[in-house]
Protein chains: 2
Amino acid sequence: MNYFRSRIVIVEDNDAVREGFALIINSVSDYYVVNAYDNAEDCIKNLKKDKPEIILMDLELPGINGIEAIALIKKQNPGIELIVNTIYENSDLVFQALCAGASGYITKNTSHTELLDAIDEVIQGGAPMSSKIAKLVVNSFQKNPNSPLSSRETEVLELLAKGKSYSMIAQELFITKETAKSHIKNIYSKLQVNSKSEAIAKATKEKLI
Amino acid sequence: MNYFRSRIVIVEDNDAVREGFALIINSVSDYYVVNAYDNAEDCIKNLKKDKPEIILMDLELPGINGIEAIALIKKQNPGIELIVNTIYENSDLVFQALCAGASGYITKNTSHTELLDAIDEVIQGGAPMSSKIAKLVVNSFQKNPNSPLSSRETEVLELLAKGKSYSMIAQELFITKETAKSHIKNIYSKLQVNSKSEAIAKATKEKLI
DNA sequence: AATATATCACCCATTTAGGGGGAGGTTATA
DNA sequence: TATAACCTCCCCCTAAATGGGTGATATATT
């Protein structure tokens, strides 16, 4: 056994898929499958024994789901890199997985080569993603072009979100506190909220700022 | 001229690099370089004439910089896809570029093949990124594991960030308003802030929530 | 010329949040 | 067994934010 071969664990409930992955991965000399599970609980139980560097994780699983599993594994063992492999391209799932600690997210239509490339990329400190996933992720940085707020209101809201008070905003924008207040009232009315933090929460969620 | 070949514009101040890119891109029949500029102003001036589908954009430029140029171009012409090509792997620049509207971010050590792959990926609706950039982006979703806040405090702060008032937080956590207040006071002291929105701003910035 | 929108400004009243302090109980850990 | 976090609750007081109005000015747009 070669100590430098990366240890990989597979979690995937479909037997055929799981065995297929194992075959593909074991066909390459750089890494090998130490164990393959059909549920996350068993994987977590055996982490200390398996000592994987990388886990290839499905999301739709019997018992605890992949997202929770990722969070648990990352908490207990931050060094392990997790690559999500699933059929879902739903944006919420993607962000949940990444927030939970996944290092990569590939969808199941990827070829054998792409699967192996993803593993290589993770080993080299990268974050492999399928094309559509990468686009979702990148889009999440971009503002909503259909903001109901005027540019001045957006400006005020951005300062609010930075933690500034009414008077600080007034100072920075060279207006009176009452004017700032007036803008904020209009913002509240447009966003249908009635407090600073609600406004910030809604604006952040809808990417108005 | 083939109407189905994608129109590409290059903005790159280094003459050799710019001409090199043009040669590489023109060597492929799927797309061609309609124009190549050594500054962003000229590119913007000629957008209507050039009608590019894709712009390959450097960030360090004479005159207006690449980030501003991306924002301007995207505002005037949201359909254009911008790929950043730069030597900088600085995380602030990456996020600024993506927020401004870049669809991809590749660094200058990429091979000719990778450059062409990036263009293909953008045409197919993807978001090409160099390995290190993708990692930066993915990491930006993950929480700071060294939070100074207790789990209860984090819970309270998350509710604050959702726009809840003291009394709503108290209700949701089955504690009194005074207890919620007490937690919030501790949060403020730990984060060295003194208002809700400052706390949210700081916590968001440092990924405590 | 009329309408709408954004921007700016002020008043009053009430509610909420913030700063100061104290205090009892649990839990973990040294 | 200290002792240090953490979680819970309470008091008082001040400052800040919010909600309800009103109204002027400028700038597009129709």
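Quantities reported herein were computed from a predicted structural model and do not represent experimental measurements. By convention in this document, chain letters (A, B, ...) are assigned in the order of the sequence lines, proteins followed by strands, and residues within each chain are numbered from 1.
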Task: Rounded distance (Å) that lies between atom P of C:dC8 and atom CD1 of A:I169 - done: 13 Å
TODO: Report which part of the nucleic acid A:K177 touches: base, sugar-phosphate, or nothing (heavy-atom distance under 4.0 Å, all strands).
DONE: nothing
Task: Between P of D:dG19 and CD1 of A:I187, the distance in whole Å - done: 13 Å
Task: Atom pair distance, as rounded to whole Å: CG in A:L173 and P in C:dC8 - done: 8 Å
- [ ] With the side chain counted from C-beta on, respond yes when B:N85 and B:M57 share a heavy-atom pair under 4.5 Å apart, and no when they do not.
- [x] no
Open item on the list: Looking at every heavy atom in both B:I80 and B:P52, which two are closest together, and how far apart are they?
Closed with: CG1-O, 3.5 Å
TODO: Please state how far atom CD in A:E198 lies from atom C1' in D:dA17, giving the value in whole angstrom units.
DONE: 13 Å
Task: B/S/- contact track for nucleotides 19-30 of chain C, protein heavy atom under 4.0 Å - done: BBB---------
Open item on the list: Tell me if a side-chain donor or acceptor on A:Q142 pairs with a main-chain N or O of B:A102 at a distance below 3.5 Å.
Closed with: yes
Open item on the list: Any salt bridge linking A:K132 with A:E89? Criterion: basic side-chain nitrogen under 4.0 Å from a carboxylate oxygen.
Closed with: yes
TODO: Report yes if the side chains of B:V9 and B:Y37 come closer than 4.5 Å at any heavy-atom pair, otherwise no.
DONE: yes
Task: Residues forming a ring-ring contact (aromatic ring centres under 6.0 Å, His included) with B:F141, sequence neighbours excluded - done: A:F95
Open item on the list: Just N and O in the side chain of B:T179: are any of them under 4.0 Å from OP1 or OP2 of D:dC9?
Closed with: yes
TODO: In whole angstrom, give the distance that lies between atom CD1 of B:I200 and atom C1' of C:dA17.
DONE: 13 Å
Open item on the list: For a quick check of understanding: with a heavy-atom distance under 4.0 Å over all strands, which category does B:N186 fall into, base, sugar-phosphate or nothing?
Closed with: nothing
Task: Side-chain donor or acceptor of B:N46 paired with backbone N/O of B:D42 under 3.5 Å - done: yes
Open item on the list: From the set C:dA17, D:dC6, D:dT8, return the single nucleotide nearest to any side-chain atom of B:I175.
Closed with: D:dT8
Open item on the list: Expected output is a numbered-order residue list: members of residues 147-155 of chain B with a heavy atom under 4.0 Å from any atom of DNA chain D. What is it?
Closed with: B:S150, B:S151, B:R152
Task: Atom pair distance, as rounded to whole Å: NZ in B:K164 and C1' in C:dA17 - done: 18 Å
TODO: In plain terms, say whether A:E81 and B:K135 are close enough for a salt bridge, that is, a side-chain N and a carboxylate O under 4.0 Å apart.
DONE: yes
TODO: Figure out the CD/P separation between B:Q171 and D:dC9, and round it to whole Å.
DONE: 14 Å
- [ ] Have a look at B:H183 and say if it touches a base, only the backbone sugar-phosphate, or nothing, with a 4.0 Å heavy-atom cut-off.
- [x] base
Task: Integer-rounded Å distance: C:dC10 P and A:I184 CD1 - done: 16 Å
Task: Side-chain heavy-atom pair B:I106, B:V84 within 4.5 angstrom cut-off - done: no
